[in-house]
Amino acid sequence: MPIAVTVALNPQSVPVTTRQAPLHRKENPMPPLPARRITDTSPKNFGMFARAIGREGLIHLELGMPAEDTPQHIKDAAIAALQAGDVHYSDLQGQPALRTALADRMRRTTGMNITADEVIVTNGLTQASFAAFMAFIDEGDEVILLAPYYPQHIGKVELAGGRVVIAPLDAQNGFALNPDLIAPHITGRTKAIALINPCNPTGRVFTRDELQGLADLAITHDLMIFSDEVYAEITYDGARHVSIASLPGMKERTITMGAFTKAYAMDGWRLGWIAADAGMIGPLMKITASEVTHVNTFIQAGAVAALQGPPQVLEDMVGRDRDRRDLVVSRLNQMPGVSCAPVEGTIYAFPDIRGTGLAAQDCAERLMEETGVVVEAGSFYGAAGEGHLRVCFGCASLDTLGEALDRMQRFFNSL
């Protein structure tokens, strides 16, 4: 019951009500329950990386972390901006110089009709994709992931209230985009299809014809495309990256996302971007500005330098990735029970291990325990990845890759 206390005021006294102290205080109170959006959604999973973390003496080929250092001219530009006092709040959408440089690059390389006002600078592609799902997915909306899929998209779709639906890539034809395999999974609740091009984990670079088939499907069913293009600059042997938003009728329904993470070895910088039609920028900004206000100010000068710096720097880095790819694909194809398709883009090989008789997860765990080489199980990317491993060749030197491949060779020879 409340207790009435009289407090002397001038010149009268009035009763003041205070709250009764609890009779019994719990010594070990339970922590507050998290929101259902946390408990009822999939946890973010780091696969073999989570199993390997903290262990000594392992060769890590499971994580898409570039082996290269960030080029010096990029570091110098960020340092100069820091020393010049670019340390305060800045444009919520991203520094105009960086958005202009990104728009210029996209117009030149993809043919997209994009302006600086249609670009948002983000904390990596992770925030870009989170903003896309949160801004455009409602409770009960379905989002199609193409399998083998990027598993980190699952939790973001669910946090937005959406439901993930899995549609397969065409495994019989090199994990190609095949609209006939995707169309049966479209329902009246389907809102969007998530695309990764170049594709993690398969290493495919989808052709213009493949993308046109997906575009036709999106237009017919009035769907959005969330296009992750973080590996756009890392392609080999004449394979050419095409942005699906550059196809007729697709800019208005596509959110294109990229980052400086892989091509420029800037993974720790956490710098990415969104490009979208002007009508979609407002909803996306409501998410990004509410979440982080804006990206760190002075590091954006480094990103401008990356885009406007000597193109030979990027070409040389991709050339070294090509050398790593050549070594890994060649050696994998010499191992009994293993075959590896050509890698057209990205920093991953996706060897087929079905000839060994081992399940993907079992094989990955045995490789770690018996050889000290950590690779990712293809099943981490869904059932469509079973029978494969994902081997990141972009995260290690040629010497380290050679040692890892020697160990793997001995393992597969012994089966």
Side-chain angles (χ1 to χ4, degrees), residues 92-94 96 98-122 125 127-138 141-146 150 153 156-157 160 162 177 179 182-183 186 190-199 205-233 235 240-260 263 272-288 307 345:
L92 301 187
Q93 196 167 332
L98 177 52
R99 290 190 285 112
T100 297
L102 282 163
D104 289 346
R105 168 66 67 89
M106 281 182 276
R107 284 196 301 270
R108 185 170 67 253
T109 60
T110 72
M112 288 173 60
N113 180 23
I114 199 84
T115 69
D117 290 337
E118 295 173 310
V119 176
I120 302 172
V121 180
T122 63
L125 195 138
Q127 190 204 9
S129 57
F130 180 78
F133 292 128
M134 291 298 290
F136 290 98
I137 299 304
D138 275 322
D141 284 347
E142 295 177 351
V143 178
I144 292 177
L145 304 188
L146 304 175
Y150 183 57
H153 282 338
K156 297 172 194 171
V157 173
L177 270 174
I182 300 169
I186 297 173
T190 306
K191 181 69 177 289
I193 299 172
L195 173 69
I196 303 176
N197 181 38
C199 186
V205 179
F206 297 123
T207 66
R208 179 177 292 274
D209 286 345
E210 287 176 276
L211 293 168
Q212 186 62 61
L214 184 64
D216 292 343
L217 204 61
I219 292 169
T220 298
H221 295 276
D222 193 23
L223 305 178
M224 295 183 69
I225 301 289
F226 298 148
S227 186
D228 172 344
E229 301 181 10
V230 71
Y231 298 99
E233 293 90 352
T235 60
R240 180 173 176 269
H241 167 257
V242 176
S243 284
I244 194 169
S246 68
L247 302 182
M250 289 305 295
K251 182 190 173 191
E252 298 81 0
R253 61 179 67 249
T254 302
I255 297 177
T256 305
M257 298 166 284
F260 296 85
W273 48 267
I274 294 169
D277 192 69
M280 293 189 277
I281 293 297
L284 289 162
M285 280 293 297
K286 188 165 186 178
I287 301 300
T288 59
L307 294 169

**Study point:** ring pair (Phe, Tyr, Trp, His ring centres under 6.0 Å) partners of Phe226, counting only residues at least two apart
**Key:** Phe133
Study note, to complete from the structure: One should read off an interatomic distance between Ile225 CD1 and Ile193 CD1, to the nearest 0.5 angstrom, of 4.5 Å
Point to revise | Test item: Tyr231 and Asn197 side chains (from C-beta on) under 4.5 Å apart, heavy atoms | key: no
Practice item. Specify the closest pair of heavy atoms between Ala132 and Leu284, including all atoms of both residues, with the distance to one decimal. Key: CA-CD2, 3.7 Å
Point to revise | Contacts of Arg107 that satisfy salt bridge (charged side-chain N to carboxylate O under 4.0 Å, His left out) - sequence neighbours left out | key: Asp104
Exercise for review: Would you mind reporting whether Ile281 and Gln93 have side-chain heavy atoms less than 4.5 Å apart?
Suggested key: yes
**Study point:** Sequence-distant partners of Ser243, side-chain hydrogen bond (donor to acceptor under 3.5 Å, both in side chains), two or more places apart
**Key:** Glu229
Revision key, fill the gap. Residue set satisfying side chain to side chain contact (heavy atoms under 4.5 Å, CB included) with Thr109, at least two apart, ordered chain then number -> Arg105
Point to revise | Residues forming a side chain to side chain contact (heavy atoms under 4.5 Å, CB included) with Ala128, sequence neighbours excluded | key: Thr122, Met257, Ile274
Review point. With sequence neighbours excluded, what pairs up with His153 under the side-chain hydrogen bond (donor to acceptor under 3.5 Å, both in side chains) test?
Key: none
Practice item. Go through Ile137 and Val143 one step at a time and tell me if the side chain to side chain contact (heavy atoms under 4.5 Å, CB included) criterion holds. Key: CA-CA 8 Å; Ile137 299 304; Val143 178; 3.5 Å; yes
Return all side-chain donor-acceptor pairs below 3.5 angstrom for residues 216-223, not counting sequence neighbours, or 'none' if the list is empty.
residue: Asp216; atom: OD1; partner: Gln212; partner atom: NE2; Å: 2.9
residue: Thr220; atom: OG1; partner: Asp216; partner atom: O; Å: 2.8
residue: Asp222; atom: OD1; partner: Arg253; partner atom: NH1; Å: 3.2

Check your understanding: Within a strict 4.5 Å, meaning less than it, do heavy atoms of the Leu146 and Ile182 side chains meet?
Key -> yes
Exercise for review: Identify, with sequence neighbours excluded, every residue that meets ring pair (Phe, Tyr, Trp, His ring centres under 6.0 Å) alongside Phe136.
Suggested key: none
Point to revise | For Thr115, side chain to side chain contact (heavy atoms under 4.5 Å, CB included) partners two or more places apart | key: Asp117, Glu118
Exercise for review: Quick one: closest heavy-atom pair of Tyr150 and Ile196, and the distance?
Suggested key: CB-CD1, 3.1 Å
Exercise for review: List the atom of Gly94, the atom of Arg99, and the distance in Å for their closest heavy-atom pair.
Suggested key: O-NE, 2.9 Å
Review point. Can you name the closest pair of heavy atoms from Met250 and Ile244 and give their distance?
Key: CB-O, 3.2 Å
**Study point:** salt bridge (Lys or Arg N to Asp or Glu O under 4.0 Å) pairs, two or more places apart, involving residues 273-286
**Key:** Lys251-Asp277
Revision key, fill the gap. OG1 of Thr235 to CD of Glu233, rounded to nearest 0.5 Å, is 9.0 Å
Review point. Closest approach of Ala103 and Ala116, non-hydrogen atoms and distance?
Key: CB-N, 3.7 Å
**Study point:** Which residues share a ring pair (Phe, Tyr, Trp, His ring centres under 6.0 Å) with Phe130, sequence neighbours left out
**Key:** none
Review point. To the nearest 0.5 Å, what is the distance between CE (Met224) and CG (Leu195)?
Key: 13.5 Å
Point to revise | Where Met280 and Thr254 come nearest, the two heavy atoms and their spacing | key: CE-O, 3.4 Å
Review point. Which distance, rounded to the nearest 0.5 Å, do you find between the CH2 of Trp273 and the CG of Leu102?
Key: 7.0 Å
Check your understanding: Could you state the interatomic distance from NZ (Lys156) to CD (Gln127), rounded to the nearest 0.5 Å?
Key -> 10.0 Å
Exercise for review: Check whether any side-chain heavy atom of Ile186 lies under 4.5 Å from a side-chain heavy atom of Ile144, and answer yes or no.
Suggested key: yes
Exercise for review: Indicate yes or no: at least one non-hydrogen side-chain atom of Ile255 is less than 4.5 angstrom from one of Ser227.
Suggested key: no
